[in-house]
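Letters A, B, ... are given to chains in the order of the sequence lines, protein chains preceding strands, and every chain is numbered from 1. Just so it is clear, the model here is predicted, and its values are computed rather than measured.
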Amino acid sequence: MKTAIPVENGDVLASVRGFLARLLESGTLEAIYVPLEDGSGALIPALVTDPARMARANPLAPVMPINGARAVSALTGKKAPGRIGAVLRPCEIRALIELVKLQQATLEGLTLIGVDCPGTYELPRYMERRGQGSIGLDEVLAAARDGRDPGSEGFVLRTACRTCLHPAPDPAAIRLELFGLDPAQGLTIEMPDDLAAKLGCAAASSEGARRDVLEKVVATHGAAREKELAGIHAQMNANGGLPSLFNACIRCHNCMTACPICYCKTCLFKSASFDHKPEHYLSAAQRKGALRMLSDALLFQLTRMNHMSASCVSCGMCTSACPSEIPVGLIFSAVGAQVQAAFGYEPGRSLEDPLPLVTFQANEWTEVGEAK
Amino acid sequence: MSENPTHGTNGRGPAALVIGGGIAGIQAALDIADAGFHVYLVERSPSIGGRMSQLDKTFPTLDCSACILTPKMVDAGRHPNIDLYTYSEVVQVTGEAGNFHARIRMKPRYVDPEKCRGCGLCAEACRLAGRVSSDFNAGMGQRAAVYVPFPQAVPLIYTVDPEACVYLTRGVCGKTFKCKDACTAGAIDFDQKEVFVDVEATTIINATGFDVFDANLRPELGYGAYRQVITSLEFERLASASGPTAGKITLDGTLPKKVVFIQCVGSRDQSLNIPYCSRVCCMAIAKQAHLAHDRLPGAEITVFYMDIRAFGKGFEEFYDRVRHEGVLYRRGNPSEVLRRGERLVVRAEDTLLGEPVEVEADLVVLAVGIRPRADAAELAGMLGLAQDENGFFQEAHPKVATVESNRPGILLAGCCQGPKDIPDTVAHAKAAASAALIQMAQTQKAMVTAHAAN
Amino acid sequence: MLQIEALPITQQYDLFACIQCGKCTGGCPMAMKTRLNPRSIILRLLTAGDGFDLEGREELWDCTTCSTCSSRCPKKVNPMETIIGLRGAFVEKGRVHPNVKTALESTFRQGNPLTMPRDQRGAWAKELGLKEYTEGTDYLYYVGCTPSYDPRAQKVSRSLVSLLQKAGVDFGVLGNKENCCGSEIRRLGEQGLFEMMVEENGETYKGLGVKKMLTTSPHCFNVYRNDYPKNGMAVQHYTQVLAGLIEGKQLEFGGRVEKTITYHDPCYLGKHNSIFDEPRAVLAAIPGVTLVEMDRSRQKSLCCEGGGGRMWLEGTNPSVRLAQMRVKEALEVGAQVLATACPFCLLTLDEAVKHLNADDRLQVLDVAELAAQAL
Amino acid sequence: MTFTPRIGVYVCHCGINIAATVDVRKVTQWAAQLPGVVVSRDYTYMCSDPGQALIQNDIRDLGLNRVVVASCSPRMHEPTFRAAVSAVELNPYCFEMANIREQCSWVHPAAETTTQKAMHLVGSAVAKAALLQPLEQRQAPTTPAALVIGGGIAGMQAALDIADAGFEVTLVERTASLGGHVGELDRTFPTLEATADLLSAIVERVVHHAQVRVLTEAEVSAVGGFVGNFEVDVRHGDETEKLKVGAIIVASGFDVFDARRRPELGYGDYPEVITTLEFEKMSQGEGWVNGREPKKVVFIQCVGSRDQVLGHPYCSRVCCMVTAKQARLVRERLPNAQVTVFYMDVRAFGKGFEEFYDGARGAGVLYRRGNPSEILRRGERVVVRAEDTLLGEPVETEADLVVLAVGMTPRADTEALAGLLKLARSSDGFFMEAHPKLRPVDTAMAGVFLAGCCQGPKDITETIAQARAAAATAMVPLMRGKVTVEAATSFVDEELCAGCGQCASLCAFGALSLHPTKGVMVSNAVLCQGCGACATACPSGAISVRHFTFDQVMAQIEVVADFRAPQLSVAPAEVASSS
């Protein structure tokens with residue numbers, strides 16, 4: 001049911017912190033995964049058991065240091081060790097669902113607490129601005145209320161966020177609703193009836209403007225996404241094409257580390273399979289006339305794309321992680337969108353949708369396979 | 001005939017005697033042997049392989065026949081449970097189901113099988129090298145008087161042809177035997193005599209195959225009169241990689257530009273008392289038309305037919321394919337073949353045009369039908385088997401018992417029971433194997449229990 | 001409209017056996033030059049339902065009854081007889097060519113289709129002093145209509161007589177009492193008249209106790225052999241008799257015939273009765289003869305268009321004549337003599353030679369004539 | 001001590017199949033100077049006895065430890081050569097094959113580049129051969145029992161043969177009764193025997209056979225295990241029974257073409273238009289359509305057969321004779337009825353068929369060549385419109401009974417069964433045999449065999465013959481008592497495996513499972529058939545298949561990827577042409 005908790009003099013964050021603390025105090029949950037602020041304003045993803053620590057919790061800050069799906073994967077393994085909750089953004093939840101399908105995590109014994117996501121900034125930019133005191137939570141919430149892009153001149157959201165089509169945490173059992181939020185009316189939270197009863201949360205008086213605002217946001221993001229994808233497609237089809245996009249790659253594998261779904265214990269590219277014999281380089285060089293050193297940069301990207309593009313939820317962490325500022329996320333989204341369309345698959349939507357690459361329908365021969 | 005025949009391997013429990021080493025006999029023998037029972041496989045000619053070994057490619061998949069047959073031949077030749085008796089004939093069978101006694105006559109090869117390495121030096125040396133018509137090549141090629149029918153022969157042992165060999169026919173071959181001198185293994189042995197082997201068999205499988213129709217019986221089609229008129233079997237040898245022309249479809253070196261195939265020669269012909277359909281010709285010709293199209297670029301290829309019987313798996317599709325390739329199918333049963341200058345002309349009515357037509361040809365291929373073996377009656381007599389009205393061996397029931405004969409314990413496999421293509425032959429042979437295995441299993445069980453009883 | 005019932009015909013000739021393979025039409029010599037198409041006629045009869053219209057089917061009169069169709073049919077159907085049956089329908093309705101009418105009437109009245117007087121039949125043999133056949137005579141020599149009346153054909157009968165006499169064969173003839181055998185009558189479709197003649201002639205031969213008969217013409221030979229009741233009478237074509245005599249050394253040749261000869265198989269001897277070797281044996285026995293074969297020989301021999309009543313009918317396409325093709329084929333193999341053993345072939349081929357102005361290069365002779373030359 | 005490969009290369013001419021387009025001699029010489037190659041030979045037919053002897057002698061005389069044969073597809077001949085090398089004590093997995101026929105000579109023109117491609121293929125095979133490891137083939141005992149799926153004539157016959165040979169057989173039939181489609185027939189061609197007599201005899205034997213267990217109204221719901229040791233779940237009623245069998249025979253039969261898919265023929269619209277199957281019922285005394293004896297009967301052949309438009313390009317094999325039989329029966333029972341058969345080709349190919357066809361025409365059945373285009377209502381009757389292609393004229397034939405010869409189609413549940421048993425299907429939709437000619441009853445799945453029309457249209461005679469063939473082939477492992485299991489199986493590197501299970505969901509043989517505690521995948525070497533699907537799916541390369549390891553395959557790619565024309569230098573190794 002849709003409940004509403006009061007917001008004292010406009011401090012939404014306080015209400016959220018209070019709510020999370022109550023979940024612990026009431027014994028509903030033993031622990032909650034949520035980012036904590038330190039003095040500097042940096043955010044540390046943490047597993048909180050002491051309600052008092054919730055005073056520093058801040059799941060509303062417009063930054064995402066890591067995609068929490070990986071953290072939850074670590075927390076739950078094959079089964080959560082206790083009654084654990086996780087405060088996650090929509091893209092984190094979608095990534096988590098993919099991981100569950102890949103048997104890297106489970107939703108068993110886990111309570112998802114989703115937060116409407118107005119978007120996030122690149123961490124360094126945000127810290128900088130925040131240091132100057134030139135950005136606060138209020139702007140972000142205000143933007144969320146009206147469905148505006150909180151970004152201002154020279155200070156824009158991460159591309160992934162500006163082009164995000166799923167800013168609402170639909171699959172979560174508990175949802176903190178920020179879009180169309182009117183502090184005067186209190187903070188609306190969607191939660192199971194029994195929980196509402198347990199916590200004594202009152203039903204929300206009105207539906208609020210959320211749906212309309214959400215539609216507006218998705219529409220603007222949609223347009224932005226079209227534009228960005230068109231741009232990246234142009235580059236991919238330009239001379240040099242895909243390879244040239246990755247020319248700047250320095251093989252740091254940050255994208256892989258940041259990716260919530262890239263789950264291998266040891267990456268193929270770090271395994272013995274790819275430590276080539278010296279002759280290999282020479283003969284390859286002789287073959288091609290010139291050989292990139294160290295080799296396997298493009299191959300690494302392509303292989304990762306091959307493994308991930310079907311499950312890519314476009315969280316954009318790879319782009320944020322790339323020191324060479326390669327638009328890795330967009331490239332994956334562009335390729336991913338085609339792969340996902342081919343298989344009629346939407347990553348992160350539901351556990352019911354089987355992973356496309358491990359299921360086979362005869363018609364895929366002609367539709368996905370090259371036409372005879 | 002030698003009075004003290006040697007005895008075949010005994011004491012191996014139930015054994016089967018398979019007469020005929022064509023694909024049917026080979027398949028039946030392999031299934032039985034693989035199941036762990038002993039088999040005596042008797043083949044009259046110097047090598048197993050039968051008709052299938054004479055074919056180039058097989059319809060509708062165009063697998064090359066040798067390629068799929070050879071391994072089976074090799075398997076049969078090497079199988080620990082199979083005793084191979086080539087160039088041998090079963091001359092006498094007594095006893096009954098579960099307990100047959102058969103006498104096998106091993107004709108003298110005049111070559112010691114232990115010594116012969118199959119090197120072929122003898123054949124090169126033979127005075128008649130390249131002068132004896134090769135029946136394996138359906139007369140399209142020549143060999144020597146000492147020969148192996150084809151390179152992949154199993155066993156690869158040379159044989160002296162008693163009909164051709166100068167020494168065996170005239171009693172003298174120059175001062176010395178050229179073959180004997182040539183053979184480094186000292187394998188040639190003109191003192192060799194026929195040997196008789198007696199074997200015990202639980203069951204007997206008759207897989208003696210078929211003959212092809214003698215096209216001379218349709219004189220108006222000019223077979224024998226015109227060199228350019230050949231049978232479909234002869235065409236196979238022409239088209240075959242291992243054939244006399246190494247696969248080049250030619251009679252005199254020049255490539256024919258107009259080829260006409262005529263279906264149903266010696267099939268569906270009551271006037272010759274051959275009322276039945278030979279079942280394979282339609283597809284065999286479709287395949288040969290394809291090969292002709294393939295190997296004679298730009299050649300005009302016409303097939304005259306009455307009904308196209310493309311009934312098997314993938315057959316209709318193959319027939320479609322061949323037509324798409326540009327082979328012209330005309331409905332009509334040609335009435336006569338005449339000479340016109342250098343070429344021949346096939347006279348027929350195109351029954352769909354409703355007009356008589358004359359089609360020029362420099363190669364005419366007659367789809368000769370499948371006939372019972374010339375000596376089928378003889379064999380029937382020896383085995384006590386019945387023949388049907390067409391001379392094929394009579395099955396016990398046309399539907400439920402096509403591998404059983406009228407005589408318990410004696411089974412039929414392949415074309416000796418009636419025309420069949422290769423898949424049907426293999427299935428039929430396996431069915432015969434099944435019937436044989438049942439009897440052998442039961443016999444064995446009986447033996448065991450009997451043994452237990454004492 | 002010339003409606004007839006199709007079903008009785010399809011049943012009488014078992015046309016349901018036909019699989020429409022076209023072997024008949026493919027080999028039919030007339031199909032090449034006329035509308036005649038035995039296969040399609042059979043199909044039209046099969047599909048005619050109640051009525052079959054003969055109107056405008058003149059091509060049925062083109063058939064020479066050479067039996068190429070019947071001899072090759074894989075399903076034992078007999079198109080030739082079917083066509084004869086259909087001619088019968090024309091005859092019944094009286095819808096026949098005047099020539100045919102004349103021939104039939106003449107046969108009815110004069111015992112020959114040639115409109116010749118009955119009492120002149122024996123005239124050809126006057127000075128040969130032939131004995132009339134009586135019971136106990138070894139052979140009855142049945143001369144036949146054309147060999148009796150036709151001046152060109154008479155040479156054949158005379159030659160044959162000399163040969164028989166030389167070999168000391170005991171034979172007799174019927175002279176004016178000889179009556180048409182009815183072969184062509186039957187093939188013209190006049191079944192009624194034919195049956196009458198069979199009865200008459202049958203009686204005659206029975207009365208005379210004929211055991212062995214020999215004929216000049218393959219047509220007569222065929223009709224006696226296949227269409228008459230046997231009554232213990234064995235019939236032979238003269239070429240069979242001669243071949244026998246030669247083999248038995250009763251007939252030997254003194255003279256020589258230094259000629260290149262090719263032999264034309266008459267349909268009624270070859271295709272109808274599979275007699276291919278005897279005529280050749282006779283020719284081969286003649287000293288000096290070089291025998292050459294035309295491509296179309298034996299089973300593939302080309303009809304001369306003389307059979308099936310065609311002696312009296314031009315056919316629908318007289319501009320093309322098979323006899324002329326035949327003569328050309330003979331010339332191609334370099335023959336000086338085109339030999340045959342049938343009076344009809346003799347006449348049609350002779351005419352063709354003249355028509356092609358080939359008399360200087362090619363001579364048409366009967367086997368009997370050639371043999372006689374070598375005596 | 002370190003292993004040094006001593007490789008023998010054997011290039012096959014395959015008569016002219018390869019030699020005509022590829023310069024075999026050149027390939028042989030080139031191969032001779034490849035690293036590790038000790039001898040390189042060519043021969044007309046490597047698979048022949050002398051060809052194999054050639055290889056075996058070299059293994060003995062030259063001490064070869066790896067062998068490469070460059071010839072045709074391994075599908076047919078790999079077993080041949082493996083057997084040949086193991087006959088002289090070389091591990092069969094030390095043999096490698098290069099397919100220079102299907103993948104080269106058959107698909108390219110005779111040209112230098114074709115020869116070069118052949119060289120690349122041979123080179124890559126040699127490169128792999130150098131890295132090959134001997135593998136141990138294990139034997140597994142077999143369960144002396146068989147499962148037959150389908151209680152039609154094929155299934156029953158197969159069950160009887162296997163049972164007669166002394167093995168337990170479970171016969172699973174989905175319907176309530178045995179007999180299948182044959183049970184719906186009146187008489188059989190060409191003998192006109194009553195089908196009931198023929199069938200009841202067989203059913204009797206099946207039902208009373210001590211070794212046969214019949215489960216009607218039952219279905220196979222799951223299949224696990226492998227040849228000789230299958231574990232099958234059979235659902236009948238609401239309980240599921242677990243069976244252990246050594247061999248499985250699929251005899252699931254066929255469906256009949258739905259004549260409504262050819263609306264122009266009016267089936268369903270006009271009561272006068274029926275199918276051959278409905279005629280059989282009628283013929284068994286159901287009585288004529290609305291009680292009236294038909295005066296004009298038309299039979300139409302090839303309805304749903306030889307029809308590419310409807311995706312049934314194949315011939316259904318039986319319709320010609322079924323129609324001939326039915327047409328003949330009509331003539332016998334209604335001597336005054338006109339009976340017409342419209343056909344394209346009359347396929348009377350079996351023993352006694354042509355004679356029967358002759359008999360049908362002899363009985364007055366009119367055969368007209370033409371494929372009717374439509375059927376229309378005309379007053380009391382319908383009229384069949386067609387061209388008589390031999391008259392060359394369009395014709396209209398009135399009829400008060402039209403019988404459509406409906407063809408055979410794959411069963412609707414073929415896909416499901418194919419999934420259960422991991423069976424392939426041929427383009428026509430029926431189950432696919434292992435080899436169209438020499439292995440007509442085997443399937444790609446060892447231990448699973450095909451009988452009857454589930455493999456393609458057949459008449460009763462052929463069905464029974466094929467059923468017995470399947471029985472014989474199934475008996476081989478049962479009688480042997482043991483089977484050899486594939487040694488080229490998958491294995492998991494636990495260091496790399498993240499246990500994501502993608503491999504498991506791809507494995508057609510249920511060979512992969514998640515280790516309960518370790519959280520990594522485990523491969524069951526007995527179930528694994530070595531197909532390699534798992535290895536391609538694993539993102540971290542944690543799974544490999546023996547005999548197709550990463551290194552081996554990379555080595556092959558290395559050579560093939562080297563697009564420079566192979567250079568022919570002086571060959572150090574012995575080059576010999578034995579042809």
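- Within the 4.5 Å cutoff, the side chain of B:Asp307 has heavy atoms near those of the B:Arg268 side chain.
- At least one donor-acceptor pair closer than 3.5 Å links the side chain of B:Arg237 to the backbone N or O of B:Gln54.
- Side chain of C:Asn222 to main chain of C:Asn273: no donor-acceptor pair is present (N/O by atom type, distance under 3.5 Å, no hydrogens or angles).
- In this structure, chain C has a heavy atom under 4.5 Å from the side chain of B:Tyr226, while its backbone stays farther away.
- Most heavy-atom pairs under 4.5 Å with chain B: of the set C:Arg35, C:Lys75, C:Gln299, this distinction falls to C:Lys75.
- Within 6.0 Å of CD in C:Gln3 there are more than 12 heavy atoms belonging to other residues, nucleotides or ligands.
- In this structure, the portion of B:Arg218 lying under 4.5 Å from any heavy atom of chain C is its side chain and not its backbone.
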- For C:Asn78 and C:Ser70, run side chain to side chain donor-acceptor pair (under 3.5 Å): C-alpha distance rounded to whole Å, both residues' side-chain angles, the deciding distance at 0.1 Å, then the answer. CA-CA 5 Å; C:Asn78 196 328; C:Ser70 309; 2.5 Å; yes
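- Contacts of C:Arg296 with chain B are made by side-chain atoms alone, with heavy-atom separations under 4.5 Å and no backbone atom involved.
- Chain B forms the most heavy-atom pairs under 4.5 Å with one residue out of C:Cys69, C:Ala31, C:Cys21, and that residue is C:Cys21.
- Checking C:Thr25 against C:Arg39 by side-chain atom types alone, no donor-acceptor pair falls below 3.5 Å.
- For B:Val337, the part lying under 4.5 angstrom from a heavy atom of chain C is the backbone only.
- Across B:Val357, B:Asp269, B:Thr351, the residue that shares the most heavy-atom pairs under 4.5 angstrom with chain C is B:Thr351.
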